Participant: 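Following this message is one structure expressed as structure tokens.
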Amino acid sequence: MAGVVIGLALLAFWLFSLFDVVTTPEDEVRNVPKPLWVLVVVLVPLLGGLVWMARGRPRAPRAARPVTPGPGAPKGPDDDPEFLRELERRMRGDDVS
């Protein structure tokens, strides 16, 4: 019974790897051309799939870290006291311009 489960798991991994290679855009494949990756995964099922996952699959895009303002700098217009005073003056009609 354990052999059947292991066999099904290997088959599932092989199918996943093959599907992943086939559906990956050509320009995102790393190291070798896409047709060669297909051959590697088909001919050497377990090892080919592992090598594809490690060396051929596109890397996940890295999320950009948000830039935090320096110390003492306002984070937005509503955090700037001078902006708020000017806005209050304009709302009251004290605008001299």
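Please read all numbers here as calculations on a predicted model, not as lab measurements.
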Participant: Report the residues that fulfil salt bridge (Lys or Arg N to Asp or Glu O under 4.0 Å) with E26, sequence neighbours left out, ordered by chain and then residue number.
Facilitator: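 Testing E26 for salt bridge (Lys or Arg N to Asp or Glu O under 4.0 Å), a comparison that skips the adjacent residues, returns none.
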
Participant: Please write out which residues are connected to L8 in a hydrophobic cluster, directly or through intermediates, given that two of Ile, Leu, Val, Met, Phe, Trp, Tyr count as joined at side-chain heavy-atom separations below 4.5 angstrom.
Facilitator: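 So far as hydrophobic clustering goes, L8 is joined with V4.
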
Participant: The criterion is side-chain contact (heavy atoms from CB on, under 4.5 Å); which residues satisfy it with F19, sequence neighbours excluded?
Facilitator: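 Checked F19 against side-chain contact (heavy atoms from CB on, under 4.5 Å); matches are T23.
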
Participant: What residues, two or more places apart in sequence or in another chain, satisfy side chain to side chain donor-acceptor pair (under 3.5 Å) together with W52?
Facilitator: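 Scan of W52 (side chain to side chain donor-acceptor pair (under 3.5 Å), adjacent residues dropped) gives D20.
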
Participant: For residues 33-40, tabulate all N or O donor-acceptor pairs below 3.5 Å that involve a side-chain atom, not counting sequence neighbours.
Facilitator:
{"residue": "K34", "atom": "NZ", "partner": "V22", "partner atom": "O", "Å": "2.8"}
{"residue": "K34", "atom": "NZ", "partner": "T24", "partner atom": "O", "Å": "2.6"}
{"residue": "W37", "atom": "NE1", "partner": "R30", "partner atom": "O", "Å": "3.0"}
{"residue": "W37", "atom": "NE1", "partner": "V32", "partner atom": "O", "Å": "3.4"}

Participant: Can you give each donor-acceptor pair under 3.5 Å made by side-chain atoms of residues 42-51, sequence neighbours left out, with the distance rounded to 0.1 Å?
Facilitator:
none

Participant: Mind jotting down which residue pairs meet the side-chain hydrogen bond (donor to acceptor under 3.5 Å, both in side chains) criterion with at least one end in residues 6-15? Sequence neighbours excluded, please.
Facilitator: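 Listed by first then second residue: nothing to list.
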
Participant: Can you sort out the partners of E82 under side-chain contact (heavy atoms from CB on, under 4.5 Å), two or more places apart, ordered by chain and number?
Facilitator: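 Listed in chain order: D80, R85, R89.
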
Participant: Quick one: do I6 and F13 end up in the same hydrophobic cluster if we chain Ile, Leu, Val, Met, Phe, Trp and Tyr together by side-chain heavy atoms under 4.5 Å apart?
Facilitator: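 In one cluster: yes.
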
Participant: Within the side chain of N31, is there an N or O that forms a donor-acceptor pair under 3.5 Å with the backbone of R55?
Facilitator: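 It does hold such a pair.
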
Participant: Got a sec, which hydrophobics cluster with M91, joining ILVMFWY side chains under 4.5 Å apart, including via others?
Facilitator: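 So far as hydrophobic clustering goes, M91 is joined with F83, L84, L87.
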
Participant: Listing request: all salt bridge (charged side-chain N to carboxylate O under 4.0 Å, His left out) pairs with a residue in residues 37-50, at least two apart in sequence or in separate chains.
Facilitator: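 Counting only pairs at least two positions apart or across chains, no salt bridge (charged side-chain N to carboxylate O under 4.0 Å, His left out) contact touches residues 37-50.
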
